[in-house]
Amino acid sequence: MRSAIWFRNDLRVFDNPALSHCCANSEEVIAIYIISPTQWENHHDAKVKISLWIRSLLSLQKELEKLNIPLLILESNKYQNISSDLYGLLKEKNCKNLYFNNEYPVNELKRDRSIYKEFKEKDIGVFTFHDQVIHPPGTLKTKAGGNFSVYSPFKRKWFEQLTEEQLKLYDVPKPKATININGASLSSFEKDFSTSLDGLWAVGEENIQDQVKEFLSKKGMAYKDDRNFPSIDGCSKISPYLNSGVISPKWCLLEAKKYNNNLLDEGDRGIVHWVSEILWREFYRHIIYNFPKVSMNQPFLSYTDNLKWSDNKEHLERWKAGRTGIPIVDAGIREMINTGWMHNRLRMIVAMFLSKNLLIDWREGEKFFMENLIDGDIASNNGGWQWSASTGTDAAPYFRIMNPETQSIKFDAKGKYIKKWIPELADCPIDEIHMPTEPLKYNYYEPIVDLKESRKQAIDAFGELRKD
Ligand SMILES: Cc1cc2nc3c(=O)[nH]c(=O)nc-3n(C[C@H](O)[C@H](O)[C@H](O)COP(=O)(O)OP(=O)(O)OC[C@H]3O[C@@H](n4cnc5c(N)ncnc54)[C@H](O)[C@@H]3O)c2cc1C
């Protein structure tokens with residue numbers, strides 16, 4: 001019997017439940033990846049991210065060849081056509097079953113639910129699995145039976161309900177019978193989407209596994225302290241690979257245990273903290289599943305939609321260009337534009353600056369991040385933005401606004417990070433680097449807002465909101 005595995009955000013052969021089950025239950029297997037440029041556009045996916053995914057697909061294709069599994073590409077431009085296009089391909093290739101790992105944003109859920117129903121009513125078995133999370137969304141409940149919207153109790157429940165079984169890894173499957181179907185050529189996609197930043201981002205399952213091991217062995221223990229300082233190379237930079245599924249979160253957690261006496265929630269404070277960040281990622285996946293409105297462009301706290309956001313286009317454009325005149329903010333944006341990635345501390349600083357000091361709708365920032373980040377991820381990006389804008393789950397209280405200058409003094413005391421990304425300020429003395437008194441002297445910019453005044457305006461605007 002022949003079956004198909006549909007790869008989505010799980011571009012790996014190791015610890016891939018859908019692939020393992022598909023191979024265990026079928027003599028012959030084909031792999032499918034759906035390329036949908038309109039979907040990329042609708043999601044505002046960054047070119048550097050698409051390029052990484054295509055390069056990762058090429059690497060996956062080579063791994064699959066060793067298993068005698070050809071990788072086919074289905075180009076389906078309209079979201080609504082995916083189901084019929086996929087069905088057509090499965091019939092053409094004589095596949096009896098379809099296997100895939102779940103996705104949780106609202107449109108993906110809708111698509112998968114209708115595929116599940118339609119294909120079963122026809123003549124194709126559909127088998128789905130959870131690989132992006134350890135606890136499937138919907139299975140962790142508060143005492144009152146509701147869904148968690150606060151991280152700490154979510155995390156407690158996550159550990160309480162964890163079983164050994166849930167942390168079992170799936171080995172790379174054994175090779176299948178050979179079939180007479182050629183794999184697709186990805187070279188034109190690779191060419192069309194290549195970017196000047198590609199060289200910064202390695203691909204390949206083993207390479208990325210090595211990156212995680214190297215991080216855990218050399219930087220894991222110092223992570224809790226170092227992770228806040230953007231000029232220190234103190235975090236793992238694995239977000240692009242968790243999101244494309246080149247590595248699984250489960251494998252990451254098990255690796256972390258190896259460096260922490262087989263423990264996850266106690267022991268070394270650095271490793272324990274890293275584990276808790278992986279769980280933040282899982283938390284936001286539960287959030288978009290349990291509260292679908294957040295992936296429909298709506299705030300978790302509905303009343304915050306009454307806020308009168310500023311439509312100052314010049315402010316928005318200067319924020320996007322890294323020309324606000326606030327060095328730490330501009331450095332963060334420029335890091336993203338020049339690498340596809342931004343340090344977490346900076347993501348919080350620039351997001352708060354946009355949504356509070358500039359009082360610009362967080363959705364503008366959310367979109368701009370997606371357009372530029374190599375790790376752009378609907379759940380984590382939305383969670384981070386709504387946290388920063390005080391519109392989301394477990395969000396920062398609206399009156400606790402990070403002051404970018406104070407953050408800069410605290411987390412980039414020597415201005416190393418600022419100088420790296422703002423060459424204009426290379427000669428600016430250290431006691432001025434966080435807020436130069438004569439910025440034009442360096443060909444830099446005057447601040448677009450007064451930090452104290454704009455902070456007060458934001459607090460007033462949020463304070464006036466009615467919660468009913
Ligand atoms: C406004 C804003 C937007 C964000 N947008 C994204 C996004 O689009 N994609 C994305 O993957 N992360 C996003 N994050 C979360 C976080 O900034 C990145 O995951 C992290 O910087 C990635 O770097 P790292 O792999 O070195 O993380 P590490 O510090 O090494 O952490 C390990 C992993 O834990 C997860 N993680 C860490 N911090 C968070 C967090 N705050 N929320 C959710 N998961 C986390 C990531 O998967 C990360 O790879 C955003 C945060 C904010 C404040």
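Order of appearance sets the numbers: ligands from 1, and atoms from 1 within every ligand.
- Closest protein heavy atom to atom 5 (N) of ligand 1: Asn381 OD1, 3.1 Å.
- For atom 6 (C) of ligand 1, the nearest protein heavy atom (residue, atom name, distance) is Arg347 NH1, 3.3 Å.
- For atom 7 (C) of ligand 1, the nearest non-hydrogen atom of the protein is Asp375 O, 3.5 Å.
- One option in Tyr284, Phe283, Tyr223 has a heavy atom closer to atom 28 (P) of ligand 1 than any other, and that option is Tyr223.
- Selection from Ser239, Ser380, Gly234, Ala351 by nearest heavy atom to atom 48 (C) of ligand 1 gives Ser239.
- Here the protein heavy atom with the shortest distance to atom 11 (O) of ligand 1 is Asn243 ND2, 3.1 Å.
- Among Glu277, Arg285, Gln211, the residue whose heavy atom sits closest to atom 36 (N) of ligand 1 is Glu277.
- Here Tyr33 and Trp53 keep their ring centres 6.0 angstrom or further from each other.
- Between Trp280 and ligand 1, a contact under 3.5 Å exists for no N or O pair.
- Heavy-atom neighbours of Lys420 NZ from other residues, nucleotides or ligands within 6.0 Å: at or below the threshold of 12.
- In terms of protein heavy atoms, atom 41 (N) of ligand 1 is closest to Asn344 OD1, 4.0 Å.
- Ring to ring, Tyr99 and Trp6 are not that close: their centroids are 6.0 angstrom or more apart.
- Residue contacts with ligand 1: Ile238 is placed with a nitrogen or oxygen under 3.5 Å of a nitrogen or oxygen of the ligand (distance criterion only).
- One finds a salt bridge joining Asp460 and Lys456 here, because a Lys/Arg side-chain nitrogen approaches an Asp/Glu carboxylate oxygen to under 4.0 Å.
- With hydrogens left out, the protein atom closest to atom 30 (O) of ligand 1 is Ser236 OG, 2.5 Å, a heavy atom.
- Atom NZ of Lys410 has 12 or fewer heavy atoms from other residues, nucleotides or ligands within 6.0 Å.
- Gln386 and Asn382 are linked by a side-chain donor-acceptor pair at a separation below 3.5 angstrom, with hydrogens and angles left out of the test.
- A salt bridge links Glu424 with Arg334; the closest basic N to acidic carboxylate O contact falls under 4.0 Å.
- Donor-acceptor pairing under 3.5 Å is lacking for the side chains of Ser231 and Lys414.
- For ligand 1, none of its N or O atoms has an N or O atom of Trp385 under 3.5 Å away.
- The closest approach between any non-hydrogen atom of Gly376 and ligand 1 is below 4.0 Å.
- The shortest N or O to N or O distance between Asp377 and ligand 1 is below 3.5 Å.
- For atom 43 (C) of ligand 1, the choice among His343, Lys49, Arg281, Met348 with the nearest heavy atom turns out to be Arg281.
- Heavy atoms of Phe215 found under 4.0 angstrom from ligand 1: none, in either backbone or side chain.
- Taking the six-membered ring for Trp, Tyr417 and His343 have ring centres at least 6.0 Å apart.
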